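Please read the structure below before turning to the comments.
Being a predicted model, the structure only gives us computed values, none of them experimental.
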Amino acid sequence: MIGNPHSSLDGLSHSLKQRHMTMIALGGVIGAGLFVGSGVVIKSAGPAAVISFLITGLLVVLVMRMLGEMACSMTGGSFYEYAREAWRDRPAVGQLAGFLTGWMYWYFWVIVVAIEAVAGAELVRYWLPDVPAWSISLVLLVMMTLTNLVSVKSFGECEFWLASVKVAAIVVFLFIAGVYVLGLTPGGGGMHVANLSQNGGFMPNGIVPVLTGAVAATGFYFGAEIVTIAAAETAEPQKAVAKATNSVILRVLVFYVGSVLLVACLVPWNSTGMSTPYVSALDAMGVPAAAQIMNAVVLTAVLSALNSGLYASSRMLFALTRRGDAPKVLAQVSRNGVPVYAILVATLFGYGAIVMSYLSPDKVFAFLVNSYGTVAIFVYILIAISQLRLRSRLEREAPHLLKVRMWCFPYLTWLAIAGMLSIVVAMGFIPEQRTPLALGVASLCILLIAYRVRQALRRGMSPEGLLDELAPPKLHKS
């Protein structure tokens with residue numbers, strides 16, 4: 001089944017179609033975080049949570065535009081390669097930037113795989129309460145692993161239909177809730193917007209929770225960038241990325257900001273119902289079997305994230321082998337063009353994390369859950385810095401390659417970088433975000449140590465010399 005190792009992306013299949021790409025991009029940003037986690041932000045910031053999601057959404061839109069520009073002007077590879085290419089004039093910095101970008105992104109998605117497998121088990125137990133959660137997690141992970149192992153086309157088809165359900169659910173919700181809120185239903189009794197001003201007003205707790213809500217919402221949006229990785233497995237990568245990134249930009253804001261606004265109109269921000277915001281919104285409109293419907297939709301979102309997590313982590317691991325940042329054996333692909341070993345490594349990591357969720361929920365699993373969101377922000381910052389440097393070089397050397405351009409360059413790029421750095425700084429001042437920040441920084445430090453080890457091994461350093469290099473400098477008395 002396993003072929004020869006491939007040192008380039010040519011070993012992969014190119015069977016993803018444009019419809020797959022569009023749904024991968026849209027499905028990447030519509031996760032369980034929107035359906036469940038948005039209630040946490042609304043409970044903190046009140047109806048002004050709409051502003052929280054708008055701020056973060058605009059940052060993600062800017063990052064997607066940057067990725068679209070780089071993907072359409074580069075001949076191949078993912079943003080792991082962009083980070084290296086951005087520092088071509090300083091190879092040592094480029095190697096480190098690429099190493100950190102690739103491994104942090106891989107780390108993010110393998111944690112998502114574990115988290116979604118655990119979350120999916122709890123959702124299934126809503127209907128099957130007597131079945132052990134661990135066995136359901138195992139079944140879900142095996143099911144999505146097999147989907148990825150068969151072929152990239154099977155991944156694309158699975159993600160297309162899972163994402164279609166999520167998108168359809170959001171569109172239907174926006175339509176039904178919009179009609180109801182505007183009072184256009186028969187006997188609607190006028191507009192239903194009182195919850196935006198009652199219970200303390202639009203911004204009941206002031207501006208600080210709105211800003212902290214923007215920090216919390218960052219992780220909900222992460223995932224749209226998968227489309228730039230999937231582009232390598234399409235017949236026309238540049239065209240596919242350009243269309244997919246353009247399609248996701250406006251819809252991200254409509255789906256998130258629009259649906260959160262409607263939820264805030266239908267459910268009092270300080271009510272207990274905000275713990276299940278969309279179920280409560282459907283109940284407020286009198287939709288029957290609201291809990292059953294939303295449980296099925298959220299389960300679909302979880303399975304989509306699990307499927308995408310295995311795909312994204314395996315392809316990034318595969319890309320890391322090209323420059324020697326990961327073992328070459330992981331570059332081996334099957335006859336169908338699937339990096340089998342890279343997928344299995346992500347799956348095994350997922351199994352281990354699931355085991356830790358039961359054996360050490362307060363230590364090991366808590367570390368994983370609390371660190372991966374901050375790592376995602378670090379990746380976005382590196383992407384923005386890469387675009388800043390690459391765009392300047394392309395304008396000098398090859399302006400004809402800039403078929404998709406970042407708006408108002410370099411001002412919006414700098415604005416995005418400043419915004420994301422502000423999020424990181426703000427996390428240090430928000431009590432509930434300090435632990436995720438500290439653990440995210442700890443994860444970054446671990447990767448920096450891993451990079452130094454890799455460099456030392458490449459130089460043929462002995463184990464004793466390696467320990468000396470990693471040891472902190474000794475203080476000498478004068």
request  = Compare every heavy atom of Ala346 with every heavy atom of Ser313, then report the nearest pair and how far apart it is.
outcome  = OG-CB, 3.2 Å
request  = Examine Tyr107 together with Tyr372 and report whether their ring centres are nearer than 6.0 Å.
outcome  = no
query = Backbone N or O of Ala305 within a donor-acceptor pair of the Ser308 side chain at under 3.5 Å?
reply = no
key: Beyond-backbone contact of Met316 with Ile229, side-chain heavy atoms, under 4.5 angstrom   = yes
message = In terms of relative ring orientation, are Tyr278 and Phe35 parallel, tilted or perpendicular, with 30° and 60° separating the classes?
response = perpendicular
query = Which heavy-atom pair separates Gly440 from Val375 by the least distance, and what is that distance?
reply = O-CG2, 4.3 Å
Under 3.5 Å: donor-acceptor pair, side chain of Gln292, backbone of Ala290 = no
ask   = If you count the non-hydrogen atoms of other residues, nucleotides and ligands that lie under 6.0 Å from CH2 in Trp414, is the total more than 12?
value = no
SB check Arg389 Glu85 (cutoff 4.0 Å) = no
task = Indicate yes or no: at least one non-hydrogen side-chain atom of Ile377 is less than 4.5 angstrom from one of Met427.
result = yes
task = Evaluate the side-chain proximity of Ser280 to Met274: yes if any heavy-atom separation is below 4.5 Å, no if none is.
result = no
Steps toward salt bridge (charged side-chain N to carboxylate O under 4.0 Å, His left out) verdict (Glu157, Lys17) = CA-CA 10 Å; Glu157 283 297 323; Lys17 297 180 172 58; over 6 Å; no
message = Between Lys153 and Leu16, is the side-chain contact (heavy atoms from CB on, under 4.5 Å) condition met? List the steps.
response = CA-CA 6 Å; Lys153 186 176 182 181; Leu16 288 179; 6.0 Å; no
key: Pairs involving residues 255-284, ordered by first then second residue, that meet salt bridge (Lys or Arg N to Asp or Glu O under 4.0 Å) (sequence neighbours left out)   = none
note = Taken to the nearest 0.5 Å, the spacing of Leu306 CG from Ile115 CD1 works out to 11.5 Å
inquiry  = Between Phe220 and Thr56, is there a side-chain heavy-atom distance shorter than 4.5 Å?
reply    = no
message = Can you confirm whether the side chains of Asp325 and Tyr451 place a donor and an acceptor under 3.5 Å from each other?
response = no
key: Verdict with supporting geometry, Leu448 and Leu96, side-chain contact (heavy atoms from CB on, under 4.5 Å)   = CA-CA 8 Å; Leu448 287 171; Leu96 176 60; 3.9 Å; yes
task = Please determine, by modelled atom types, if Thr147 and Ser154 share a side-chain donor-acceptor pair under 3.5 angstrom.
result = no
inquiry  = Please tell me whether Tyr380 and Phe222 form a close aromatic pair, meaning their ring centres lie under 6.0 Å apart.
reply    = yes
key: Distance-only side-chain donor-acceptor flag, Glu159 / His20, under 3.5 Å   = no
request  = Say whether, by atom type as modelled, one donor and one acceptor occur between the side chain of Ser259 and the main chain of Tyr256 under 3.5 angstrom.
outcome  = yes
Check against side-chain contact (heavy atoms from CB on, under 4.5 Å), Leu140 and Glu116 = CA-CA 9 Å; Leu140 295 179; Glu116 301 299 348; over 6 Å; no
Distance (rounded to the nearest 0.5 Å) between Asn270 CG and Ile42 CD1 = 12.0 Å
request  = Indicate yes or no for a side-chain donor-acceptor contact from Arg315 to the backbone of Ala230 under 3.5 Å, with no hydrogens or angles considered.
outcome  = no
query = Where the side chain of Thr374 meets the backbone of Pro436, is there a donor-acceptor pair that is under 3.5 Å apart?
reply = yes
Any Trp134 side-chain heavy atom under 4.5 Å of Val139 side chain = no
Nearest heavy atoms of Pro47 and Trp269, plus distance in Å = CD-CD1, 3.7 Å
note = Closest non-hydrogen contact found for Ser386 with Leu382 is OG-O, 2.8 Å
note = d(Leu266 CG, Leu262 CG) to nearest 0.5 Å is 6.5 Å
inquiry  = Main chain of Phe409, side chain of Thr413: is a donor-acceptor contact present, judged purely on distance under 3.5 Å?
reply    = no
task = Kindly give the heavy-atom pair with the smallest separation between Val267 and Gly273, and that separation in Å.
result = CG1-C, 4.3 Å
inquiry  = With rounding to the nearest 0.5 angstrom, report the CD1 to CG distance, Ile417 to Leu59.
reply    = 11.0 Å
request  = Please determine, by modelled atom types, if Tyr311 and Glu233 share a side-chain donor-acceptor pair under 3.5 angstrom.
outcome  = yes
Distance in Å, Leu390 CG paired with Leu401 CG, rounded so as to fall on 0.5 Å steps = 11.5 Å
ask   = Between the side chain of Asn148 and the main-chain N/O of Met144, is any donor-acceptor distance below 3.5 Å?
value = yes
query = Which of these passes side-chain contact (heavy atoms from CB on, under 4.5 Å) with Asn295: Thr300, Val279, Leu123?
reply = Leu123
task = Identify the two heavy atoms, one from Ala97 and one from Thr101, that lie closest to each other, and give their separation to 0.1 Å.
result = O-OG1, 2.7 Å
query = Does a donor on one side chain and an acceptor on the other come within less than 3.5 Å for Ser304 and Lys166?
reply = yes
query = Would a 4.5 Å heavy-atom cut-off, applied to side chains only, mark Leu196 and Cys265 as touching?
reply = yes
ask   = Hey, mind stepping through Tyr126 and Leu299 against side-chain contact (heavy atoms from CB on, under 4.5 Å) and telling me if it holds?
value = CA-CA 11 Å; Tyr126 179 83; Leu299 178 60; over 6 Å; no
key: Atom pair CD1 (Ile385) and CD1 (Ile381), whose distance is rounded to the nearest 0.5 Å   = 7.0 Å
key: Close side-chain approach of Ile136 to Arg125, heavy-atom, < 4.5 Å   = yes
Beyond-backbone contact of His192 with Leu182, side-chain heavy atoms, under 4.5 angstrom = no
ask   = Can the ring centres of Phe349 and Trp106 be said to be less than 6.0 Å apart?
value = yes
task = Kindly assign one of parallel, tilted or perpendicular to the pair Phe99 and Trp103, based on the angle between their ring planes and the thresholds 30° and 60°.
result = tilted
key: Main-chain N/O of Ala214 paired to Thr218 side chain as donor or acceptor, under 3.5 Å   = yes
request  = Please determine if Arg65 and Glu69 form a salt bridge, counting it only when a charged side-chain N lies under 4.0 Å from a carboxylate O.
outcome  = no
inquiry  = Could you check whether any side-chain N or O of Ser360 sits under 3.5 Å from a backbone N or O of Met356, counting only pairs where one atom can act as donor and the other as acceptor?
reply    = no
